[in-house]
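Notes follow the structure.
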Amino acid sequence: MTDLPTRRIPGCPFDPPAGLADRPAVGRHVFPDGHEGWLVTAYEPARQVLADPRFSVRAELRHSALPRPNVRPSGAGGTAAPGWFGGMDPPAHSRYRRLLAGRFTVQRMRRLEPRIAEITADCLDAMAEAGPPADLVQAYALPVPSLVICELLGVPYDEHAFFQERTSVALDLAASEAQATTAVGELAGYLGDLVRRHRARPGDDLLGGLVTGSDLTDEELTNIALTLLVAGHETTANMLALGAFALLRHPDRLDDFRRDPSLTETAVEELLRYLSILHLGAPSRAALEDVEVGGELVRAGETVVLALPVVNRDPGRFPDPGALRLDRAEARQHLAFGHGVHQCLGQQLARIEMRIGFRALFGRFPGLRLAVPPEEVPLRESALVYGVWRLPVTW
Ligand code: HEM
């Protein structure tokens, strides 16, 4: 029973944080506030927790597995603020999810493919024009999903520095709780303004559609926009950068990927599984009543945190789990997008961005390689979303 480990084994930037792998499938875990809850490291119990309505996502019922609570807009008694649906249980959650699900379907996301291809090509053109070396995070991995979510939502991209910086602070545990609170407050203020602009002149985008096509209040719309903006760019950005790093460190696998376009879909699923970028303290749930999980009795009121990087390397589900195998048939069963009613709303979008993003990057720069020794690539050890701070590349 120790704190959630945050340091990786030196030299293994793609492996789960050190100390997680030898934990029991469902074991006692002491949270930073002293709460004695549970840590789940095996696949079946993790899926069970995410699917079982006797486990709540409400932050006011959960103990944080992080050194500081994840800052969020909250209402009375720490309950989720209106529109902050990721922190609500059904039926409150279902109302928002129903409103949004239709806007994130596979078909809707497929329609964005040509525009996403254009965005990736523009970023790669700019990178080629500036010449090597480049920081792949700033030149490509961050702008691609940021531009996409901005266009989808109706957020002007020329204001991207403002929201990227604040999102980064909000999701970095090295920032104090006060700094994170300020960052989230400023983001909410900015998005509140944007919602009012959409009320005056609705755009042809998601926010514009919600302003005209629903009875959501300004506060709800602001918090929905905040959820999508924060969830929608750092996650995919880190998958793109860390995924590129992983492929560059596995040259034979990268050769296979380049040669065989039919590998694209499973390669993306395998990278999601192998890298499982949500490392610290998420997802977690609070038991609403006593529930048996993996042979252990979780008591009402106790918090369960899932160690997704280890769950997604459960040898019972993924044979030879530590190997990156781009043609792994069972890769798609990973829980990197969660499971159950809160399963990632943006997963189809993220998949398309990664499929197009990796193909375009390695197609455009066949000679792409690291510009520094791999051990000099700075890892996001303190961030809620794992990845790399910078990825210096040349070609
Ligand atoms: C590779 C990229 C991504 C990863 C790994 C990821 C991962 C996750 C996970 C694990 C959850 C479930 C959390 C829980 O059960 O507590 C989640 C939920 C969510 N994600 Fe993602 N996500 C990604 C990209 C995106 C994108 C691009 C968007 C938006 C366009 C997005 C929007 C959301 C939202 C709104 C939720 C909350 C859903 C709900 O509570 O109903 N995500 N994501």
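Quick note: residue numbers are just sequence positions, from 1. First listed ligand is number 1; within each ligand, the first listed atom is number 1.
Judged by distance alone, the side chain of S168 and the main-chain N or O of Q164 form no donor-acceptor pair under 3.5 Å. A donor-acceptor pair under 3.5 Å is absent between the side-chain atoms of D314 and the main chain of T41, judged by distance alone. Side-chain N or O atoms of R273 include one that pairs as donor or acceptor with a backbone N or O of P321 at under 3.5 Å. Remark: side-chain polar atoms of Y43 are paired, donor with acceptor, to backbone N or O of Q333 under 3.5 angstrom. D290 places a side-chain N or O within 3.5 Å of a backbone atom of A300 that can act as its donor or acceptor partner. Panel note: side chain R28, backbone E36; a donor-acceptor pair is recorded below 3.5 Å.
Checked by atom type, the side-chain pair Q107/R111 shows no donor-acceptor distance below 3.5 Å. With 3.5 Å as the limit, one finds no donor-acceptor pair spanning the side chains of T266 and D327. In this model, a donor atom of one side chain and an acceptor atom of the other lie less than 3.5 Å apart for H63 and D33.
If you check which protein heavy atom lies closest to atom 41 (O) of ligand 1, you get H93 NE2, 2.6 Å. The single protein non-hydrogen atom nearest to atom 38 (C) of ligand 1 is R97 NH1, 3.3 Å, given as residue, atom name and distance. Scanning all protein heavy atoms for the shortest distance to atom 1 (C) of ligand 1 gives M239 CG, 3.5 Å.
When heavy-atom distances to ligand 1 are checked against a 4.0 Å cut-off, L152 has no atom that comes that close, whether in backbone or side chain. Neither the backbone nor the side chain of H233 comes within 4.0 Å of ligand 1, counting heavy atoms alone. No part of L335 comes within 4.0 Å of ligand 1, judged by heavy-atom distances.
The option with the heavy atom closest to atom 16 (O) of ligand 1, from among H342, R351, Q343, R285, is R285. By heavy-atom distance, the residue among A336, G340, A101, G86 lying nearest atom 10 (C) of ligand 1 is A336.
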Could you please spell out the steps behind the side-chain hydrogen bond (donor to acceptor under 3.5 Å, both in side chains) verdict for R62 and S284?
-> CA-CA 8 Å; R62 285 182 285 146; S284 78; 2.9 Å; yes
Steps toward side chain to side chain contact (heavy atoms under 4.5 Å, CB included) verdict (L226, V184) | CA-CA 9 Å; L226 186 62; V184 171; 4.2 Å; yes
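The distance from ligand 1 to the heavy atoms of T236 drops below 4.0 Å at these ligand atoms: 2 (C), 27 (C). Heavy-atom contacts of F104 reach the following atoms of ligand 1: 30 (C) (cutoff under 4.0 Å). Near T227, with a cut-off below 4.0 Å to any heavy atom, the atoms of ligand 1 are 35 (C). For ligand 1, the atoms closer than 4.0 angstrom to any heavy atom of L278 are 10 (C). Interface of V341 with ligand 1, defined as ligand atoms under 4.0 Å from a residue heavy atom, comprises 41 (O). Near P283, the atoms of ligand 1 lying under 4.0 angstrom from a non-hydrogen atom of the residue are 14 (C), 15 (O), 16 (O). In summary, the atoms of ligand 1 found under 4.0 Å from a heavy atom of I149, numbered by their order in the structure, are 30 (C).
The shortest heavy-atom distance from Y96 to ligand 1 is not under 4.0 Å.
Listed by chain and residue number, the protein N/O/S atoms under 2.8 Å of atom 21 (Fe) of ligand 1 are C344 SG, with waters left out.
The 12-atom threshold is exceeded at CG of D252, counting heavy atoms of other residues, nucleotides or ligands nearer than 6.0 Å.
A cation-pi contact, defined as under 6.0 Å to the ring centre and within 45° of the axis, is absent between R313 and F318.
Among pairs with a residue in residues 333-344, none fulfils salt bridge (charged side-chain N to carboxylate O under 4.0 Å, His left out), at least two apart in sequence or across chains.
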